[in-house]
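Atom set for the values below is all heavy atoms of this structure, side chains included, hydrogens, waters and symmetry mates excluded.
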Amino acid sequence: MKIIFFVFTMDQGIFGGQKGNRIHQTLRYALITAAVFGVLWIVLVEFNPNLFIYIFMKQTEHILAISLNIIRSYGISFL
């Protein structure tokens, strides 16, 4: 069943190996998307640090005190 799927549905039969540029193109788009989201996240965190806390959580003084470093670390992980 898996062979039929890849040969006919994914067009990866005898000539499927010649379509390797799709993998490189997909990888390129994935890296660009991750970089854009990472930069956007860092910009938002720098200008309005508690924005994501207000959106996703109930705010308490303790949460607001520890959230900035956590959100910055998470945003940098995209880059």
Flag side-chain contact, heavy atom, 4.5 Å: Tyr54 against Leu64: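 They are in side-chain contact.
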Thr33 vs Val36 side-chain heavy atoms within contact, under 4.5 Å: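 SC-SC contact between Thr33 and Val36 ruled out.
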Expected output: side-chain Trp41 to main-chain Ile71 donor-acceptor under 3.5 Å: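 Yes, because the side chain of Trp41 sits within donor-acceptor range (under 3.5 Å) of the backbone of Ile71.
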Chi angles and distances behind the side chain to side chain contact (heavy atoms under 4.5 Å, CB included) call for Met57, Ile63: CA-CA 9 Å; Met57 296 179 71; Ile63 296 292; 3.9 Å; yes
Could you tell me the separation between the [atom1] atom of [X] and the [atom2] atom of [Y], rounded to the nearest 0.5 Å?
X     : Y     : atom1 : atom2 : result
Ile55 : Ile53 : CD1   : CD1   : 9.5 Å
Leu68 : Arg72 : CG    : CZ    : 4.0 Å
Leu51 : Phe56 : CG    : CZ    : 8.5 Å

